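Structure first, then comments.
Numbering of ligands and ligand atoms starts at 1, following listing order. These numbers come from a predicted model, not from an experiment. Note that these values count all heavy atoms, side chains included, but never hydrogens, waters or copies made by symmetry.
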Amino acid sequence: MQSPDQPVLRDIVLVGGGHSHVVVLKRFGMHPEPGVRLTVICRDTHTPYSGMLPGYIAGHYSYDEVHIDLSRLARFAGARLFRDEALGIDRDAGKVLCRNRPPVPYDVLSINIGATPQMSHVAGAAEYAVPVKPINGFNERWLLLLERVRKHAGVTRIAVVGGGAGGVEMTLAMQYRLRNELRAAGRNPDELSFHLLTSDAVILPTHNALVRRAFERVLAERGVDLHCNAEVNEVSAARLRTAGGETVDADEIVWVTHAGGAPWLSKTGLALDTDGFIQVTDTLQTVTDPKVFAAGDIASMTNHPREKAGVFAVRQGPPLAENLRRAVEGRALQPYRPQSKWLALISTGDRYAVASRGALGVQGAWVWRWKDWIDRRFMLKFNQLAVMETRPIEAPSSIKLDQEETAQAISAVAMRCGGCGAKVGATVLSRALGALHPVDRDDVLIGLHAPDDAAVVRVPPGKAMVHTVDFFRAFIDDPYIFGKVAANHALGDIFAMGAEAQSATAIVTVPAGLEAKVEDLLFQMMSGAIEVLNDANCALVGGHTGEGKELALGFAVNGLVDENIASVMKKSGMRPGDVLILTKPIGTGTLFAAHVRLAARGRWIDAALVSMCQSNRLGAQCLLEHGATACTDLTGFGLLGHLVEMTRPSGVDAELYLAALPVLEGAEETCAAGILSSLQPDNMRLRRALRNQREATGHPRYPLIFDPQTAGGLLASIPPERAETCLKALRALGYTHAAAIGRVLVQGEALEPIVLTLN
Ligand SMILES: Cc1cc2nc3c(=O)[nH]c(=O)nc-3n(C[C@H](O)[C@H](O)[C@H](O)COP(=O)(O)OP(=O)(O)OC[C@H]3O[C@@H](n4cnc5c(N)ncnc54)[C@H](O)[C@@H]3O)c2cc1C
């Protein structure tokens, strides 16, 4: 996270997590720039390293060995990772437009989004072919293809379109892997046939004759049918047709041809080349806009055109990092000239490779081992990261500020007077909140639409009001997602009571800084929160925003229930024989503790955030409809703590089935590594409530019953005859992890109310 002692003065936004940007992140992680905040906007958390992709396809590497975990890398770099897709740039406003979140402002922008397949000019290609590009999306497509081939009876005919290094390598890697798959399934590996088609007269046209001959020989030995001068101009369900009229029947068609720039770039006003790639100067700045940089496949260096290859994208990383620093500091940028000859190590799938550089070409199993060594060493730099000590920012920022910004920056680091209740300035607040649109409700008489000293809401006849409050500091760097989670967490109590959410007031703490940065932070965070509140038809009616060291957000929420509180779901109504149902998986405490220590995988954190953003509203309605006798939402006390809060007033005991607990991916691993939330020791005091605690301690899921949850699921007791239909209904509503995790017992003689079933 950004150091709270240093106000943010400039924003560098990186769009795409390609090979150049991972190098930029690493460099900024090693040498942070005072006052500069980095934000990465990327569709994917795990970014593939192209050099190892064919090895992954061939089955030599695991998924994690060939992917850089952007979540961890961003955390290491102190950068914010926004999981989203950029769809445009508003260059006048200096904002990146995203698919799923408010626009993200930048002072300096860099684009490293790779290439996009150009299939639209070939009839049927988009429909029937599997594109390799973008390579980050290929894994899913490859796993589906693998499954189809496994299930396909008889010979599977595979056609690869594209005779460059990518196409040749993919053909050989796929063949090697699929033959092994068939063999493992007890089938004949010869039930495969491969065709490789290229519009050029030769394969590997940018490589020398030695290399070409080596691959022609390998392809011939491996029975791959090579079609040169075969420009594919039509694709149908199981057939390719070339411009020369040749047809090739194929059950699977893989597309590895020339790619171009993403279509959305044409609306940015940036100058593009004929293939839609962004034209950049020697400083990697776009020729159109000095505030916008581009690198990797998406960039076309006007003075030094080169082949599209990951090696160039990686090499552009250091000069890009340097020039981004210089750009925010207003220093002169340094020109960069890519090498004219480069080493390509092209593999043949079977742990054998050919090295190609200029006129040189050598081959052998040793070349593969060499390549493997280089690739693994490269990946270690990004996947073996140590938590950096929080460094006091000694160096004064070298960023040039205008007079107004200087005054604001000095004021942000100077002792704040606090005499105004440390409130955030009214202008910033009204601008940030003015852009938000909370739902209107008839029972809100005075709210944000007509702000006053306090909000006035009506309690409709026959209704009673439910009050609750929750507040916590940001545990992630993405203010928009944090806003969603905080609102969801606060609403959880209302839904757990079976109430309807009516109105909310927000309490916000935001670090001091430049007005524009504070305003945007507030806007991003409150946008996320408003989306969740609006979805629950809960009107935001007011709030208070103060300055503090860390970003924090909470809500006081009002809900409505029937005056006759018999319909309210309380903690106390459990009946012996009831089934315990939990709607969402547990494990957020340990996962986010691991995230801080760079010990959690990005996809674990993604999945945990998705779970935290899932509302309990529909789940609560479903539980109510299925006769829930008691209910609560899981938060800080963890599963056991909240269960005991239910059994005690209900006068019952309960049995928990450890094996049946829904658990977030990665949570068992992080617990096993001894990484637990700082709240865990407090929660563990409740182990005295366990009847068979001693025998359970060694169970891998034992620590998870104490794990504190943020925006956790609902725990409810349901009459046994309705439990199964309730679970089905919950799953149909999207609570796919909902599970029966135990049952309610008659209160026994033992002092401890909870017994754990270990398997
Ligand atoms: C089969 C195959 C094998 C190859 N082998 C090699 C090799 O051995 N050596 C070599 O040098 N090159 C190789 N290449 C070429 C190499 O893959 C590319 O040159 C390289 O991936 C380009 O890197 P990049 O950083 O420009 O983009 P990419 O690696 O494609 O990364 C783009 C990133 O941007 C993200 N992104 C895309 N669009 C958006 C958006 N709109 N918003 C947010 N995020 C976005 C993606 O999720 C991804 O993280 C191979 C290519 C293929 C197809």
With a 4.0 Å cut-off on heavy atoms, is D84 in contact with ligand 1?
yes
Has F312 got any heavy atom lying under 4.0 angstrom from an atom of ligand 1?
no
Is the NZ or CZ atom of R377 both under 6.0 Å from the centre of the six-membered ring of W373 and within 45° of that ring's axis?
yes
When you measure from the centre of the six-membered ring of F28, is the NZ or CZ of R325 under 6.0 Å away and within 45° of the axis?
yes
Give yes or no for whether the N/O distance cutoff of 3.5 Å, strictly under, is met between [X] and ligand 1.
X: V256; value: no
X: A295; value: no
X: E85; value: no
X: A86; value: yes

[atom] [closest protein heavy-atom partner, distance rounded to 0.1 Å]:
atom: atom 31 (O) of ligand 1; value: G18 CA, 3.3 Å
atom: atom 26 (O) of ligand 1; value: D297 N, 2.7 Å
atom: atom 53 (C) of ligand 1; value: V132 CG1, 3.4 Å
atom: atom 13 (C) of ligand 1; value: S50 OG, 3.7 Å

Below a 4.0 angstrom heavy-atom separation, can you tell me which part of M170, side chain or backbone, both or neither, approaches ligand 1?
side chain
Tell me which part of E169 gets within contact of ligand 1: side chain, backbone, both or neither, using heavy atoms under 4.0 Å.
side chain
The ring pair (Phe, Tyr, Trp, His ring centres under 6.0 Å) partners of H67 (sequence neighbours excluded) come to Y63
Please work out which of the three classes, parallel, tilted or perpendicular, describes the rings of Y49 and H19, given edges at 30° and 60°.
tilted
I'd like to know if the side chain of D372 pairs up with that of Y61 as donor and acceptor (distance under 3.5 Å, no hydrogens or angles considered).
yes
Any side-chain donor near an acceptor of the partner, N139 and Y56, under 3.5 Å
yes
Please identify each residue that fulfils salt bridge (Lys or Arg N to Asp or Glu O under 4.0 Å) with R222, with sequence neighbours left out.
D350
Presence of salt bridge, D90 and K95, under 4.0 angstrom:
no
